[in-house]
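Labels below follow one simple rule: chain letters A, B, ... track the order of the sequence lines, proteins then strands, and each chain is numbered from 1. The structure presented is a predicted model; accordingly, all values stated were derived computationally and were not measured.
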Protein chains: 2
Amino acid sequence: MASTFEVLAEPARRNLLDALRIRPRPVGELVRLLGLSQPGVSKHLRVLREAGLVRVRQDAQRRWYELRSEPLAEVDAWLEPYRQLWSDRLDALERHLGDTASHENE
Amino acid sequence: MASTFEVLAEPARRNLLDALRIRPRPVGELVRLLGLSQPGVSKHLRVLREAGLVRVRQDAQRRWYELRSEPLAEVDAWLEPYRQLWSDRLDALERHLGDTASHENE
DNA sequence: GCGGTGCATGCTTTGACAGGTATATAACCG
DNA sequence: CGGTTATATACCTGTCAAAGCATGCACCGC
């Protein structure tokens, strides 16, 4: 089973997640939204499902796909130690702006 | 040039970033840390460089690679609307725990 | 200058993956 | 039942990326 990062590497799959983030949708609707072939969409959905990023609810002949955010939380956790880097940088910017403001009449 | 997500799909490259997050390092050190061949590491570093995730500082025959976090901030931004999903879920959990606690003697 | 070190690049093979078309499966409707 | 809708899977093809090995290139110390 592919890692969450590998799954997210494919733009079409990120688009699928973006669509499912709004609300669950059946496959046909995703096909229309993405403009891919139906088999193409089904195959991406399979990858997403096997990675735990979506789950399916069957409703007669329709299959409603919905988002599962847990794997994304892991990505967020990986990112966590890096986040500090740009917040540090923002802090520095803010200090700089503060300095500039306090010197702005010199 | 590959997207940041594509670049992060490769585990070795995430390992490189994790190593460079601590401090800048020359290639040889990264080779030792990752246990890959030197050309392999160099090629991954090239991909990281072309995606803007690292930059190089040349020091005589050594090349010091250091992290550039900007592209990671973009990933973080993509993740942003999803983050709400698990914070919502945490909120719900906390409410549930609160309810449970208030009923725990029933 | 010369051997040695540190690193990049070229080449080749191999395997994975995406997209398409055609087809299978399953459930609905009349 | 028969046709139709909704979705999945099989198969094929082209593309691309990763890994290994060999080699090139730049700089160092002597």
Whole angstrom is fine here: how far is it from [atom1] in [X] over to [atom2] in [N]?
X      : N       : atom1 : atom2 : result
Q58(A) : dA6(D)  : CD    : C1'   : 10 Å
F5(A)  : dA17(D) : CZ    : C1'   : 19 Å
E50(B) : dA18(D) : CD    : C1'   : 15 Å
E10(A) : dC16(D) : CD    : C1'   : 12 Å

Main-chain N/O of [Y] paired with [X] side-chain donor or acceptor, under 3.5 Å:
X      : Y      : answer
S69(A) : L72(A) : no
E74(B) : P71(B) : no
Y82(A) : L17(B) : yes
R25(A) : L30(A) : no

Compute the bend angle of the helix from dG1(C)-dC30(D) to dG30(C)-dC1(D) from the end axes (five pairs per end), rounded to 10°.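 Between the axes fitted at each end of the helix from dG1(C)-dC30(D) to dG30(C)-dC1(D) lies an angle of 20°.
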
Are V54(A) and W64(A) linked, directly or through other ILVMFWY residues, by side chains that come within less than 4.5 angstrom of each other? no

What is the 5' to 3' range of DNA chain C, first to last nucleotide, that sits under 4.0 Å from any heavy atom of chain B?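 Listed 5' to 3', the contact boundaries are dG6(C) to dC11(C).
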
Which atoms form the tightest heavy-atom contact between G52(A) and R68(A), and what is the distance? O-NH1, 2.6 Å

Mind listing the closest non-hydrogen atom pair of L8(B) and F5(A) along with its distance?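 It is O-CB, 3.7 Å.
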
Atom pairs under 3.5 Å: protein N/O with N/O of nucleotides 7-12 of chain D:
from: dT7(D); atom 1: OP1; to: V27(A); atom 2: N; distance (Å): 3.3
from: dT7(D); atom 1: OP1; to: R63(A); atom 2: N; distance (Å): 3.3
from: dT7(D); atom 1: OP2; to: G28(A); atom 2: N; distance (Å): 2.7
from: dA8(D); atom 1: OP1; to: Y65(A); atom 2: OH; distance (Å): 2.4
from: dA8(D); atom 1: OP2; to: S42(A); atom 2: OG; distance (Å): 2.5
from: dA8(D); atom 1: N7; to: Q38(A); atom 2: NE2; distance (Å): 2.7
from: dA8(D); atom 1: N6; to: Q38(A); atom 2: OE1; distance (Å): 3.3

Phosphate-side-chain proximity, H44(B) and dA17(D), N/O vs OP1/OP2 below 4.0 Å: no

Mind running salt bridge (Lys or Arg N to Asp or Glu O under 4.0 Å) on E29(A) and R32(A) for me, showing each step along the way? CA-CA 5 Å; E29(A) 190 176 341; R32(A) 266 180 279 114; 5.5 Å; no

State which residues pass side-chain contact (heavy atoms from CB on, under 4.5 Å) with R46(A); sequence neighbours excluded, sorted by chain then number. R49(A), E50(A)

Where at least one partner belongs to residues 9-22 of chain B, residue pairs that pass salt bridge (charged side-chain N to carboxylate O under 4.0 Å, His left out), sequence neighbours excluded: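 Qualifying pairs, neighbours excluded: none.
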
Nearest heavy atom decides the nucleotide; on that basis, is D59(A) or G35(A) closer to the 5' end of DNA chain C? G35(A)

Set of salt bridge (charged side-chain N to carboxylate O under 4.0 Å, His left out) partners for R55(B), sequence neighbours left out: E66(B)

